[in-house]
Amino acid sequence: MLLCSTLACAQTTPIKVGLMLPATGTYANLGEMIENGFKLYVAEQGGKLAGRDIQYFKVDDESDPAKATDNVNKLIKRDQVDVLVGTVHSGVALAMAKAARESNTLLIVPNAGADAITGAMCAKNVFRTSFTNWQPAYAMGVVAAKNGHKKAMTITWNYAAGNESAKGFVDGFEKGGGKVTQNLTLAFPNVEFQALLTEIAAQKPDAVYAFFAGGGAVKFVKDYAAAGLNKTIPLYGPGFLTDGTIDAQGAAAQGLTTTLHYADNLNTPRDNAFRLNFAKTYKTNADVYAVQGYDAAQLLESGLKAAGGDIKNRDKVIAGMASSQVDSPRGKFTLSAAHNPVQDIYLRQVKGNINEMKGIAIKALADPAKGCKM
Ligand code: BEZ
């Protein structure tokens with residue numbers, strides 16, 4: 001017996017969300033925070049988005065670009081998800097964006113900053129709720145130059161995120177009259193920093209800019225302090241250097257200045273409510289990764305609402321997402337034509353166990369992406 005028409009049936013089946021995130025390795029905690037943020041928003045809506053139940057499918061991407069295409073195809077081909085949400089690592093996300101583009105699967109990137117995803121590779125069906133690697137890095141370069149530093153070195157993992165972050169810092173710092181004398185790199189996810197720290201000590205720049213995140217950021221900040229460099233050469237970074245890591249970094253993180261689209265004491269009603277519910281639900285404090293996951297669910301809901309809950313009505317879903325103003329805990333943001341957040345970048349300083357907001361480094365900063373044709 002036929003119980004519903006095709007359209008009505010489609011409206012009552014759950015929306016299949018494919019979460020492709022790291023559950024192991026140096027970025028495992030970041031993946032968990034994103035997933036928890038996404039699920040928190042859905043739970044706050046009574047377990048539904050725009051009246052539709054949500055069914056989750058999960059793959060641990062291990063932050064391994066070599067496995068990324070196989071992994072994303074498990075969600076696209078085997079599980080036939082309606083929407084992909086992922087991931088943390090830029091190299092893995094680039095493979096996801098390619099697969100999403102080729103299969104026309106809706107993709108929301110809740111962290112990875114690879115510039116090309118909302119640059120040369122941009123696509124109608126690809127959205128991001130986080131940042132481009134350039135955005136916080138550029139702001140940090142501007143601030144470091146304003147602080148009077150003339151000669152800086154950068155140190156990063158040698159993959160898209162590290163290299164693009166260093167490039168963003170160079171853009172901001174050199175625009176302000178500084179000079180980056182050397183970019184030091186090591187392979188992801190290595191944490192043998194000693195030889196590079198010795199090089200920094202020998203060259204004595206006025207400042208160092210570092211891109212590391214997760215477990216690698218904990219080790220780097222501790223090693224920098226253990227080498228005594230924090231006493232003589234100020235360390236700067238995008239906020240990933242200290243977000244979600246301060247407890248493990250301890251005294252070594254105190255006073256570090258970073259730039260990011262989130263801070264731990266924004267003290268707005270929206271952020272306070274989010275942080276309270278997150279802490280109650282998961283018994284830990286929210287961080288930027290949790291916010292980006294939470295906002296991925298909000299963005300999906302905007303698209304679904306615009307399409308009356310019908311995820312298959314792709315044009316309406318995309319139009320609803322592209323034009324939405326996301327009421328994020330970080331502050332409201334809109335999306336650029338290439339589907340990347342246009343957002344305030346905060347200046348923060350570690351004090352106790354929080355990244356304390358010291359002001360807005362750059363207001364409504366958009367990525368300067370060129371070459372995006374949808
Ligand atoms: C990235 O690979 O894009 C990334 C990873 C961790 C934090 C920020 C960016």
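Side chains are part of it too, since the values below use all heavy atoms of this structure and drop only hydrogens, waters and symmetry mates. Remember, it's 1-based here, ligands and their atoms both numbered in the order they're listed.
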Logged contact type for S90 with ligand 1, heavy-atom cut-off 4.0 Å, is both

Is it the side chain (CB and beyond), the backbone, both or neither of F131 that lies under 4.0 Å from ligand 1, heavy atoms counted? side chain

Checking side chain to side chain donor-acceptor pair (under 3.5 Å) between R348 and each of D264, T257, D243, T259, which is the one that passes? D243

Would you mind running through ligand 1 and noting each atom that sits below 4.0 Å from a heavy atom of [X]?
| X | result |
| --- | --- |
| N111 | 4 (C), 5 (C), 6 (C), 7 (C), 8 (C), 9 (C) |
| H89 | 2 (O) |
| A213 | 6 (C), 7 (C) |
| A161 | 1 (C), 2 (O), 3 (O) |
| N133 | 3 (O) |

Taking atom 2 (O) of ligand 1 as the reference point, the nearest protein heavy atom with its distance: Y159 OH, 2.6 Å

Atom 1 (C) of ligand 1: nearest protein contact (heavy atom, Å): V88 O, 3.2 Å

Kindly compute the distance separating OG1 (T87) from CG (L19), expressed to the nearest 0.5 Å. 10.0 Å

Mind telling me whether [Y] and [X] have parallel, tilted or perpendicular rings, with 30° and 60° as the class edges?
| X | Y | value |
| --- | --- | --- |
| F127 | H339 | parallel |
| Y27 | Y159 | tilted |
| F169 | F173 | parallel |

Does ligand 1 come near enough to G113 that some N or O of the ligand is less than 3.5 Å from an N or O of the residue? yes

Is it the case that over 12 heavy atoms from other parts of the model lie below 6.0 angstrom from the NZ atom of K151? yes

Counting neighbours of NZ on K305 that are heavy atoms of other residues, nucleotides or ligands and sit closer than 6.0 Å, is the number greater than 12? no

